[in-house]
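Heads up: the structure comes next, in structure tokens.
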Amino acid sequence: MVTQPSSPERRPFSRRRPRHTSSPRFRLVTVWAFMVLVMFGLSARLARLQLVVGDQLKLQAEQQRQNVPQVPRASRRPIVDRQGNVLAVDRIVYTIYAHPMLFSRSRQEMAETLGSALGQPQDTLLQRFQEQETGIQVAVDVSEELTKRIRDLRLDGLELLPSQQRFYPQQTLMSQLVGYINLEGQPQAGLEYMLQDRLLYKLDNVPLPHTPKQLPNRDGLRLQLTVDSRLQRIAQRNLEATVRQYGAKRGALIVMDSRNGAVLSLAVTPTYDPNRYYEANVAQFRNWVISDLYEPGSTFKPINVAIALEEGLIAPGDYVYDEGRLQYDRWTIQNVDYQAVGGRGSITITDVLRHSSNVGMVHIMERLKRSTYYDWLAQLGLGNATGIELPAEATAQLKSRSQFVNSEVEAATTSFGQGFSLNPMQLVQLHAALANGGELVTPHLVRGLIDQEGNPTWQPQRPPAKQVFSKDTTQAVLQMMEAVVESGSGKTARIANYRLAGKTGTAQKANEYGEYGDGRIVSFVGIVPGENPRYVVLAVIDEPLGEDAYGSTVTAPLVKSVVESLVVMAGVPPSRHAE
């Protein structure tokens, strides 16, 4: 029997035998070995940091802590101008340190991210990250806003250290008035120094560091000044332009309300940025309007005319003889235009001011006993401080009483504003007495501490105004000063539709030996409006260059440019009888 071959036998399906790598035991061993390696690596890293470079890193950390100022225990109140614009305020800034050893991202990525946020070159940051493991100062004086954005990036290995900083948003505009705070938190100049007791909070036992929320104004009080930032900016801009135009050494421009002595503007050049005071020349910290003396020249002639009127020695319609030149022993006194004009002969008291006659002024003051003249100068405050709230005020220098009384030439030179010296602020104070009816008021910059509603909670105590001239005397002098602007040496200060009283001044500068050289200091003082005198404006330019650099050509146009803005800001209506 034949049979068919049987089909191949089918093998039942079966899974492959599991490899040993899939066993739980193998996985456990692998994880354990990896952890041992990681721990060994970390231990080696830690041993290197502690044993090899530990001392270096510790030193860097200590230096870092020492170099970064912590937030002081007491902050300072803000300073604002008469409109409430902030001139000085505390703020929190941050110093950012990087520690590459703690980066959780690559150094390349950290350099790109930080460089983009801080506006720094990424290549430079990367190079620094590769050169040092820790304590790399990346940025200083970083604002809270930018610091918050960086913090939101959640970058490991960064240290953000806060410090308190005094910030001056007006920069160079108010530096000579406000002053500055140094890196140690100490006031060094201006109102920051003079009024630190009113500005500084008394905060004892406050833990460090402060949080940003602790820094804003704690009691709502601000120190308000009388200065108007808008007028100050105009004065500063025009002053700097004039100084540049004439290549002068320095300049100043003051605007004061004669009724109460409130200073609306005190512009000085050169100046500095109090936020970066360490870059300034040390000499710029001196406010020379207060700290330096100069011979006022012919701008003092109206004061002398007022003295003579008050003593009854002259009347507005009187005449004096101007021969153009006088000789006192070896001293020659002559008019500035003597070479061109010669003597003018018989002229009125008004013409003495209109043409700025030195010889005419000498003849006027010759009528006054020199001892009485000296008493008048003392009565007007020469030799005393004005009382303005700024440090290092210099007081006027006069010859001794005996020297003045016994020397004919001393009284003669004083009659036209030379031979003695005062600071520009005191000259403004004296002209304010002509403007306000004869009262000597105290110049001041500070209104006081005000609350959030603008109400004063503290105001400086000032002496009462002192009556030095009668109203009749001041009105007579102001009429003469108007003639100076209308048809005399001050014509370049004329303003359409406004009556302006003024006086030019061009004085020789004495050197350290008391001798007069080629240098001169030119000035112009204006009082506006003529029918209701209120504002006094003085411009002084030190050593302008050029043959035609006089008070009439340099400072009178400067005062005009500022007064044109002043009358608009102060709402002064046009004069009824002005052209």
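Each residue takes its place number in the sequence, starting with 1.
- Between the side chains of Ser75 and Gln164, no donor-acceptor pair of N or O atoms lies under 3.5 Å.
- Judged by distance alone, with hydrogens and angles left aside, the side-chain atoms of Thr226 form a donor-acceptor pair with the main-chain N or O of Val263 at under 3.5 Å.
- Remark: Asp123 CG is loosely packed, at most 12 non-hydrogen atoms of other residues, nucleotides or ligands lying under 6.0 Å away.
- Counting heavy atoms from C-beta on, the side chains of Arg76 and Glu192 come closer than 4.5 Å.
- Two residues are said to be in side-chain contact when any heavy atoms from C-beta on lie closer than 4.5 Å; Gln165 and Asp90 fail this criterion.
- Of all non-hydrogen atoms in Pro460 and Gly448, the two that sit nearest each other are CD-CA, 4.2 Å.
- Rounded to the nearest 0.5 Å, atoms CZ (Arg534) and CE (Met256) are 12.0 Å apart.
- Taking a cutoff of 4.0 Å between a charged side-chain nitrogen and a carboxylate oxygen, Glu279 and Arg276 qualify as a salt bridge.
- The CG atom of Leu264 sits 6.5 Å away from atom OH of Tyr535, with the distance rounded to the nearest 0.5 Å.
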Item checked: Derivation of the side-chain contact (heavy atoms from CB on, under 4.5 Å) call for Val567 and Val528 -> CA-CA 8 Å; Val567 294; Val528 68; 4.3 Å; yes
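- Not less than 6.0 angstrom separates the ring centroid of Tyr277 from the ring centroid of Tyr272.
- The shortest distance between side-chain heavy atoms of Arg105 and Met110 falls below 4.5 Å.
- Sparse packing is recorded around OH of Tyr193, with 12 or fewer heavy atoms of other residues, nucleotides or ligands lying under 6.0 Å away.
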Next item on the list: May I have the step-by-step check of side-chain contact (heavy atoms from CB on, under 4.5 Å) for Ile450 and Leu221, ending in yes or no?
Entry: CA-CA 5 Å; Ile450 60 170; Leu221 299 183; over 6 Å; no
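- Separating the CZ atom in Arg128 from the CZ atom in Arg107 is a distance of 13.0 Å, to the nearest 0.5 Å.
- Remark: Asn85 CG to Leu87 CG distance equals 7.5 Å, nearest 0.5 Å.
- No hydrogens or angles considered: a donor-acceptor pair under 3.5 Å links the side chains of Arg233 and Gln170.
- Gln284 places no side-chain N or O within donor-acceptor distance of the main-chain N or O of Gln176, the cut-off being under 3.5 Å.
- Residues Tyr168 and Val89 form no side-chain contact, since every pair of their non-hydrogen atoms from C-beta on lies 4.5 Å or further apart.
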Using a 3.5 Å cut-off and no angle test, enumerate the donor-acceptor pairs between side-chain atoms of residues 150-158 and protein atoms at least two apart in sequence or in another chain.
unit_1, atom_1, unit_2, atom_2, d
Asp152, OD2, Lys148, NZ, 3.2
Asp156, OD2, Ser104, OG, 2.9

Notebook entry, point to check: Which is it for Val255 and Val562 under the side-chain contact (heavy atoms from CB on, under 4.5 Å) test, yes or no, and what are the steps along the way?
Noted result: CA-CA 9 Å; Val255 181; Val562 174; 4.2 Å; yes
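- Proximity of a side-chain donor or acceptor of Asn182 to a complementary backbone N or O of Gln186 within less than 3.5 Å is detected.
- Distance alone, capped at 3.5 Å, places no donor-acceptor pair between the Gln137 side chain and the Thr95 backbone.
- Without hydrogens or angle criteria, Asn238 side chain to Ile234 main chain gives a donor-acceptor distance under 3.5 Å.
- Summarising the geometry of Ala262 relative to Asn260, their closest heavy-atom pair is N-OD1, 2.9 Å, with the distance given to 0.1 Å.
- Taking CG of Leu449 as the reference point, atom CD of Gln459 lies at 9.5 Å (rounded to 0.5 Å).
- Proximity of Val428 to Pro443: side-chain heavy atoms (C-beta onward) are nowhere separated by under 4.5 Å.
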Identify every side-chain donor-acceptor pair in residues 537-546 under 3.5 Å, counting partners at least two apart or on other chains, and give the distances.
unit_1, atom_1, unit_2, atom_2, d
Asp542, OD1, Lys509, NZ, 2.9
Asp542, OD2, Arg250, NE, 2.9
Asp542, OD2, Lys509, NZ, 3.3
Glu543, OE2, Lys509, NZ, 3.0

Next item on the list: Decide yes or no on side chain to side chain donor-acceptor pair (under 3.5 Å) for His444 and Glu389, but give the supporting numbers first.
Entry: CA-CA 6 Å; His444 61 274; Glu389 311 95 333; 5.5 Å; no
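- By the 6.0 Å and 45° rule, Arg77 stacks over the aromatic ring of Tyr201.
- Between the side chains of Thr271 and Ser175, at least one donor N or O lies within less than 3.5 Å of an accepting N or O.
- Ser229 approaches Met174 most closely through the heavy-atom pair OG-CE, 3.5 Å.
- When all heavy atoms of Ala507 and Pro296 are compared, the pair lying nearest together is CB-C, 4.4 Å.
- A donor-acceptor contact shorter than 3.5 Å is absent between the side chain of Thr442 and the backbone of Gly387.
- For the side chain to side chain contact (heavy atoms under 4.5 Å, CB included) with Tyr97, the lone residue among Leu160, Val138, Ile136, Leu161 that qualifies is Leu161.
- Residue Met569 holds its CE atom at 8.5 Å from CG of Leu566, rounded to the nearest 0.5 Å.
- Smallest separation of non-hydrogen atoms from Phe285 and Ala280: CE2-CB, 3.8 Å.
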Item checked: side chain to side chain donor-acceptor pair (under 3.5 Å) evaluation trace for Ser265 with Gln232 -> CA-CA 5 Å; Ser265 174; Gln232 177 84 354; 2.9 Å; yes
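- Between Leu253 and Leu558, the closest side-chain pair of non-hydrogen atoms falls below 4.5 Å.
- Side chains of Gln108 and Leu126 form a contact here, defined as non-hydrogen atoms less than 4.5 Å apart.
- Within the 4.5 Å cutoff, no side-chain heavy atoms of Arg82 are placed close to those of Arg447.
- Judged by distance alone, the side chain of Gln426 and the main-chain N or O of Gly381 form a donor-acceptor pair under 3.5 Å.
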Notebook entry, point to check: Would Glu159 and Ile96 count as a side-chain contact (heavy atoms from CB on, under 4.5 Å) if you check the C-alpha gap in whole Å, the side-chain angles of each, and the deciding distance to 0.1 Å?
Noted result: CA-CA 6 Å; Glu159 187 175 12; Ile96 300 180; over 6 Å; no
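- Under a 3.5 Å cut-off, the side chain of Gln132 and the backbone N or O of Thr134 do form a donor-acceptor pair.
- Taking each heavy atom of Gln236 and Val268 in turn, the nearest pair found is NE2-O, 2.9 Å.
- Here the side chain of Ser421 pairs no donor or acceptor atom with the backbone of Tyr294 at under 3.5 angstrom.
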